[in-house]
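Contents: one structure, followed by commentary.
In what follows, chains are A, B, ... by sequence order, proteins preceding strands, each numbered from 1.
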Amino acid sequence: MNDTPALDVNEMSFEQAMAELEKVLGQLERGDVALDESITLYERGAALKKRCEAKLKEATEKVAAITLDSDGTPTGLTPVEGL
Amino acid sequence: MDLIDSPEPGSNTPEFTVSEVAGSVKKLIEAELGWVRIKGEVGRVIIARSGHMYFDLKDDRSVLSCMTWKGQVSGLGIVPEEGMEVIAEGKMTASGFQSKFALNAQRMTVAGEGALMALLEKRKKLLAGEGLFEESLKQPLPYLPDVIGVITSLQGAVIRDILHRLRDRFPRKVLIWPVAVQGAACAPEVARAIKGFNAFSVGGSMPRPDLLIVARGGGSVEDLWGFNEEIVARAAAASDIPLISAVGHETDTTLIDFVSDKRAPTPTAAAELAVPVRHELAAWVDQAEARMSTALSSGLTRRDQRLRDLARALPKAQSLTDVPQQRLDTVGDKLGPALMAGVQRRSIKLADVSGALRPGTLQRMIANDRKRLDVLSARLGPALGRSVTSKSDKLAVRIARFDPKRLMKDVQTRHETLERAVARMVDGGHRQIDALTRKLEAMDRLRMTLGYKATLDRGYAIVRGDGAIVTTAKAASKAGVLEIEFADKKMTVGGKSAKPSKPSPKPAASPTDQGSLF
């Protein structure tokens, strides 16, 4: 957890949060950290897990097609239904 | 209107205008040939700014100009390239404006699959040569893209397959850029879509995708041909957004597959490459929480256990001190005797050393030294006296040798020598002067005897006329005045002036003149 202390958990992508969580787990499971630090690690792990869950919840489908003018230049979006 | 059977020239058959002839040619060609299919090799191709396309078709002997109007280009089927073997279909037409005939090509296919494959190989070689297929250019796909851009047709099963599979795995935002997936419009539209997505800004009203999928279902080589076009391949290679290509069936390979970051065998497979499975991730995250709790509690348990173990292993305080206590006792017992023995040993040594150290010995040493000092100081006075005496003796000898009388005699002798030398020098000087005087007198006497004055004494006389010596009578007769010098004096006689022997009034003046002759 000392490698990237500056990185805010709430700005991490799912992949970053997951990788970080994996690292925290590794450290905790190896059991070679001091007791104080293992508690800090646990708290960080909990925050990371929360971030992962939040990203997983953002799983809403939204499909749109791009509308083009006669020259083929994009002009906007139109929702696509029933596909 | 029959041009061929016209009467002989010069007849009064009405003339045609140029436009009438051109119109007839145009009608003939269009009526005779109409819609034709022509096989040939494409020569140079020019797409004018207006959008019209001009190209040549040729075989080993002839060249045919062809043109396709702007509105027809998209329906042509393929875009002709120089060197391509094609079958073009269209209408023959003639232009009176330029006196030219041409084919208005409206459909075109590549002549034979072999020719197409050869063309594809050529392009592959070209792009590979430019390094566009390099593994180092491939970008990794994002683990979980927020927005996926799909470039395909809105019709057909492809987009449905993709959306279904995405929905199953991990529902995402999907932007579809509709394009033609076959025909001549396919390649430019796909290329434009790839560039267009890359131009979107992150978080704009049209968000920039994190991942692109270019997809098309299976079809013939000709159907898929648009994805073999160079512009599509170059656009895909230049894309900053990671791109998955999924064109045709698993066995079809198109040019875009070589430059895409990942090739999916089918559109469904592309969706699988695009996103992970959501519930698997959710399970992993749940598991992670459990693992974390287990790890933490097992860490505590382990520490607790370790503490107990250590506490158990900790010996009683008494047992810790027993052995040292025993050693202390032993050593303590030995301490007194050891001290005594040490003191004794040292006192013996002291006695040994101090035995030699007595005042008598010291005094003896001082007396000895004093004696030596006395002897040496007694020798000091006489030695100095001796040295002075010897030097004063030497001085006395030298004084005795010194004799002032001898010195005076020496001075006297040298003085006499000097006087003698001076007398000799004065003598010599006188003698030399006397000798020279005598020599001078003798020479003067000689001079007197040799001079003519002495002859005058012996009776000779000297005659002079007009100041010069006269030796002849002739000269004497010519002279005005004759002057005769005798031993005692001179006298003047006669002369041409007829004044007979009148003596010169100034005989005293002559001798001064004559004196100069001698």
Counting heavy atoms not belonging to B/Lys138, are there more than 12 under 6.0 Å from its NZ?
yes
Should we say atom CZ of B/Arg167 is surrounded by more than 12 heavy atoms from elsewhere, each under 6.0 Å from it?
yes
Within this structure, what is the [atom1]-[atom2] distance for the pair [X] and [Y], rounded to the nearest 0.5 Å?
{"X": "B/Leu296", "Y": "A/Ile39", "atom1": "CG", "atom2": "CD1", "answer": "6.5 Å"}
{"X": "A/Glu53", "Y": "B/Leu281", "atom1": "CD", "atom2": "CG", "answer": "12.0 Å"}
{"X": "B/Ile176", "Y": "A/Ile66", "atom1": "CD1", "atom2": "CD1", "answer": "9.0 Å"}

Taking the side chain as every heavy atom from C-beta outward, state whether [X] and [Y] have any pair of such atoms under 4.5 Å apart.
{"X": "A/Tyr42", "Y": "B/Ser293", "answer": "yes"}
{"X": "B/Leu144", "Y": "A/Met18", "answer": "no"}
{"X": "A/Leu35", "Y": "B/Arg303", "answer": "yes"}
{"X": "B/Leu163", "Y": "A/Val63", "answer": "yes"}
{"X": "A/Leu21", "Y": "B/Trp284", "answer": "yes"}
{"X": "B/Val285", "Y": "A/Cys52", "answer": "yes"}

Max heavy-atom pair count under 4.5 Å with chain A, selected residue of B/Gly196, B/Gly299, B/Ser298, B/Ala295:
B/Ala295
Given B/Arg278, B/Met292, B/Lys173, B/Arg160, the one with more heavy-atom pairs under 4.5 angstrom with chain A than any other is B/Met292
Most heavy-atom pairs under 4.5 Å with chain B, out of A/Lys49, A/Glu22, A/Lys55, A/Arg30, belong to A/Lys49
Tell me, out of A/Pro74, A/Ala65, A/Ala64, who's got the most heavy-atom pairs with chain B below 4.5 Å.
A/Ala64
Verdict with supporting geometry, A/Ser13 and B/Tyr143, side chain to side chain contact (heavy atoms under 4.5 Å, CB included)
CA-CA 9 Å; A/Ser13 68; B/Tyr143 186 77; over 6 Å; no
Taking all non-hydrogen atoms of both residues, which atom of B/Pro178 and which atom of A/Leu68 are closest, and how far apart?
O-CD1, 3.9 Å
Looking at A/Gly72 and B/Trp177, what are the two nearest heavy atoms and their distance?
O-CZ2, 4.2 Å
Give the intermediate values and the outcome of side chain to side chain contact (heavy atoms under 4.5 Å, CB included) for residues B/Leu166 and A/Glu61.
CA-CA 9 Å; B/Leu166 286 178; A/Glu61 187 190 72; 5.6 Å; no
Is a salt bridge present between A/Glu29 and B/Arg291, judged by a nitrogen-to-oxygen distance below 4.0 Å?
yes
Will you find, in the side chains of B/Arg192 and A/Thr73, an N or O donor that is under 3.5 Å from an N or O acceptor?
yes
